[in-house]
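In the text below, chain A, chain B and the rest are named by the order of the sequence lines, each starting its count at 1.
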There are 4 protein chains.
Amino acid sequence: MAPKTKEQYAKIREDRKEEILNAALELFARQGVNHTTMQDIALKAGISKGLIYNYFTNKEDLLNELIKSFINHLYDYFDPDGDGILSTEEMEYFIEQQVENLMKNIDYYKFLYMLLMQPSAQEMMEKLQLEVLTSKMWKMIGTYFQIHNFTDPESETWIFHTILDGIAINYVFNPDKYPIDKIKKLVIQKYCNLK
Amino acid sequence: MAPKTKEQYAKIREDRKEEILNAALELFARQGVNHTTMQDIALKAGISKGLIYNYFTNKEDLLNELIKSFINHLYDYFDPDGDGILSTEEMEYFIEQQVENLMKNIDYYKFLYMLLMQPSAQEMMEKLQLEVLTSKMWKMIGTYFQIHNFTDPESETWIFHTILDGIAINYVFNPDKYPIDKIKKLVIQKYCNLK
Amino acid sequence: MAPKTKEQYAKIREDRKEEILNAALELFARQGVNHTTMQDIALKAGISKGLIYNYFTNKEDLLNELIKSFINHLYDYFDPDGDGILSTEEMEYFIEQQVENLMKNIDYYKFLYMLLMQPSAQEMMEKLQLEVLTSKMWKMIGTYFQIHNFTDPESETWIFHTILDGIAINYVFNPDKYPIDKIKKLVIQKYCNLK
Amino acid sequence: MAPKTKEQYAKIREDRKEEILNAALELFARQGVNHTTMQDIALKAGISKGLIYNYFTNKEDLLNELIKSFINHLYDYFDPDGDGILSTEEMEYFIEQQVENLMKNIDYYKFLYMLLMQPSAQEMMEKLQLEVLTSKMWKMIGTYFQIHNFTDPESETWIFHTILDGIAINYVFNPDKYPIDKIKKLVIQKYCNLK
DNA sequence: CATGAATGAGTATTCATTCAT
DNA sequence: CATGAATGAATACTCATTCAT
């Protein structure tokens, strides 16, 4: 049997970790963090309870990694053609995408907002704050508002986020009554139909 | 002859229940539901552990009652002079008030948003939905937008809520960086500085 | 309002006690001693929890009174015409009666046998032993066997009880398969069809 | 490579379960089900409280398994030389054995009769009924009565059991007064001194 | 690396019993 | 006498975490 290289081992570890996180995420989202046991996660991930502790020091650490992972991938799909400039079409696509995701994964979003309410999320947010604020995405949106002559581009970026979060919260609370399509159109009209 | 009248007992029960809910709310908000023991709640409420179970079947039930109570009082403080008409000053006051509350009680808000993410909250929301949507407040805001010639008053009402929730979420996540004062001013400008 | 005499009070107390015992008996038999709370008993007896403690010092005492009461009434219905002599017809009637009772009240009998297995029952049995063994019934059965020329009347009395208990146990365990009618006939044949 | 084979784990589990059942049986019999805590059982079995729950879902389940185990082993010791024919000597030995067991383990018998009074025992009894009735022992006793020209061998089998149970109950209730030796002799005389 | 038996601190929950009114 | 709110000791049960193999 061929011994594996260090890289191969690292790869295996990384994959395994990912699998555990995925299992945990699904279970946490469906049945809550507290009602999900390490056993449940192990079962779902197809491994033994003990093995989880080779990858995460404890349950809290697992949860934190989940939050971190989420925050890191928060805007992954915000990845336009890479020219660094957001066209109105790309902006529209981004908004459409956000709303579609939201509608498809209510439970998931609920859980994520919940995660972000965790005290432990706060620290991580703080650590990641600078990154986020100086992120490509953030800057691109700011630039977008600048290019399209919004009065206060920076504030508008915040407002933009505020609205997106507000939509998510309202929809998640009240998926039946909240007129998400109409709101989406209004948002697109405000931010993409620029003369 | 009964030692106390039925009314007296009912009063005692009502008061105790309230006390327990208050104690639980504060502890839950500060240290989280899971890190709060029934013992903690009893201690804070100045009663014995066992008594809680005379009023709530279990911890979950207690949490649900808390959610219900919260939803019921959601807009209690939205109670203007009672003429049924929202002046721009009253609207401004309302917004200022909201933001002030938010800033004063971040933990509380975090907990409340968390509560509302609970699956059990959903049912209650649904039950209360009609009430909320047909509530005086909701109507008054709609009327306000109508009077001030907003294009689509109903949608504007939703947007208004969307923005308020978005502000809360963003501030709660990121109290240091989120420019809540500036956003507040922009909101007031949009909704109160009419002409 | 006319004041009550001591006798009236004593009567009320006795009746109330009886009611509580009846309520307890039914609940204990149906759902077991441990799954029956004092609250349950109070509810069934139509009184308040606290009042039970005016009549019984505690739950165990209540159970003991129940056992005592049961033992005392064990052979109540063994009360023939009072001439002190058991005719073969009366003996047959007694056996028929026993079996009928058994078949009608399986749960009740189960519970009673259970009660008698309680350690606390033992003491009482001992106290009551002499009474039982010297009881009218016991003597009458002994006399019956003497009159009808059984070899060892005293042992036969024990055997008689042994068989009756054995029938009860077997029927209670296995009401569907146990041929109680046939056994009953054989017992009657043995003890009543005496030439 | 698994650290232990499936078989090894299965063996461990089987042994542990047995140990727990044994510990529980002894404690239950001596001090009653309710006065025996899971802690007690764990202590007696030399394991931790929690481990019990790896083998039994709860206390009730543990009790049920005990009943099941008892019923399954009810007649284990009825295992004569294996020629399938019960000699009068073997019959006598069986009766002697039964009585001796009874006298040695009053508490144990009390507990077992109690167990069998449990509602949950009934179901199990029903399931096992056919097996018991068609068991080797049952048949052998029937054959015994047939060979020795009892009028109705089947009924006699039932009567035989009735008497044995009756003896047990009476002795258990009243070990001091019940003339068990005399009764035993009479039973042996009836069933073993044939011609 | 991987397993799952084993641990035990931590807690929710029950309910007999008390007692002020 | 009667009530039911209040107590708190007693315990079942959970589950994250450890560790021998």
B/S/- contact track for nucleotides 14-19 of chain F, protein heavy atom under 4.0 Å: BSSBB-

Just the rounded figure in Å: distance from [atom2] of [N] to [atom1] of [X].
{"X": "D:Ile20", "N": "E:dA5", "atom1": "CD1", "atom2": "P", "value": "12 Å"}
{"X": "D:Ile47", "N": "E:dT7", "atom1": "CD1", "atom2": "P", "value": "7 Å"}
{"X": "C:Leu43", "N": "E:dA16", "atom1": "CG", "atom2": "P", "value": "13 Å"}
{"X": "A:Phe56", "N": "E:dC1", "atom1": "CZ", "atom2": "C1'", "value": "16 Å"}
{"X": "B:Leu63", "N": "E:dT13", "atom1": "CG", "atom2": "P", "value": "12 Å"}
{"X": "D:Ile41", "N": "F:dA12", "atom1": "CD1", "atom2": "P", "value": "8 Å"}
{"X": "C:Ile12", "N": "F:dC1", "atom1": "CD1", "atom2": "P", "value": "8 Å"}
{"X": "A:Tyr9", "N": "E:dC1", "atom1": "OH", "atom2": "C1'", "value": "8 Å"}

Along DNA chain E (nearest heavy atom to each residue), the more 5'-positioned of D:Gly46 and A:Ser48: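 The residue closer to the strand's 5' end, by nearest nucleotide, is A:Ser48.
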
Chi angles and distances behind the side-chain contact (heavy atoms from CB on, under 4.5 Å) call for D:Ile47, D:Tyr55: CA-CA 12 Å; D:Ile47 58 170; D:Tyr55 296 95; 6.0 Å; no

Bracket notation of DNA chain E in which parentheses pair within the strand, [ ] cross earlier pairs, and | pairs with another strand (Watson-Crick or G-U, under 3.5 Å): .||||||||||||||||||||

Derivation of the side-chain contact (heavy atoms from CB on, under 4.5 Å) call for B:Leu62 and B:Leu21: CA-CA 7 Å; B:Leu62 175 53; B:Leu21 284 172; 3.7 Å; yes

Sugar-phosphate, base or nothing in reach of A:Tyr55, heavy atoms under 4.0 Å: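 Sugar-phosphate only.
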
Touch class at under 4.0 angstrom, heavy-atom based, for D:Ile52 against every strand present: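 Counting heavy atoms under 4.0 Å across all strands, no contact is made by D:Ile52.
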
Test side-chain hydrogen bond (donor to acceptor under 3.5 Å, both in side chains) applied to A:Asp40 - qualifying residues, sequence neighbours left out: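 Residues passing side-chain hydrogen bond (donor to acceptor under 3.5 Å, both in side chains) with A:Asp40: A:Gln31, A:Thr37.
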
Residue list, side chain to side chain contact (heavy atoms under 4.5 Å, CB included) with A:Glu60, at least two apart or on another chain: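 Listed in chain order: A:Asn58, A:Asn64.
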
Partner set under side chain to side chain contact (heavy atoms under 4.5 Å, CB included) for A:Met114, not counting sequence neighbours: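 For A:Met114 the side chain to side chain contact (heavy atoms under 4.5 Å, CB included) partners, ignoring immediate neighbours, are B:Met114, B:Met117, B:Gln118.
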
Short side-chain N/O contact to E:dC1 OP1/OP2 from A:Arg13, under 4.0 Å: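 Answer yes for this pair, as a side-chain N or O of A:Arg13 is under 4.0 Å from OP1 or OP2.
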
Residue-phosphate contact under 4.0 Å: D:Arg16 side-chain N/O, E:dA6 OP1/OP2: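 Yes, D:Arg16 has a side-chain N/O under 4.0 Å of OP1/OP2 on E:dA6.
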
Backbone of B:Glu65 reached by a side-chain donor or acceptor of B:Ser69 within 3.5 Å: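 No.
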
Any pair counted as salt bridge (Lys or Arg N to Asp or Glu O under 4.0 Å), so long as it reaches residues 17-39 of chain C, sequence neighbours left out: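 Every salt bridge (Lys or Arg N to Asp or Glu O under 4.0 Å) pair that includes a residue of residues 17-39 of chain C, provided the two are not neighbours, is C:Glu26-C:Arg30, C:Glu26-C:Lys44.
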
Residues C:Asn105, C:Leu112; criterion side-chain contact (heavy atoms from CB on, under 4.5 Å); working and verdict: CA-CA 10 Å; C:Asn105 309 298; C:Leu112 294 176; over 6 Å; no

From CA spacing to verdict: side-chain contact (heavy atoms from CB on, under 4.5 Å), C:Tyr113, D:Tyr113: CA-CA 8 Å; C:Tyr113 275 107; D:Tyr113 276 107; over 6 Å; no

Same-atom distance (P) from F:dT21 to E:dC1, integer angstrom: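 Taking atom P in both F:dT21 and E:dC1, they lie 22 Å apart.
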
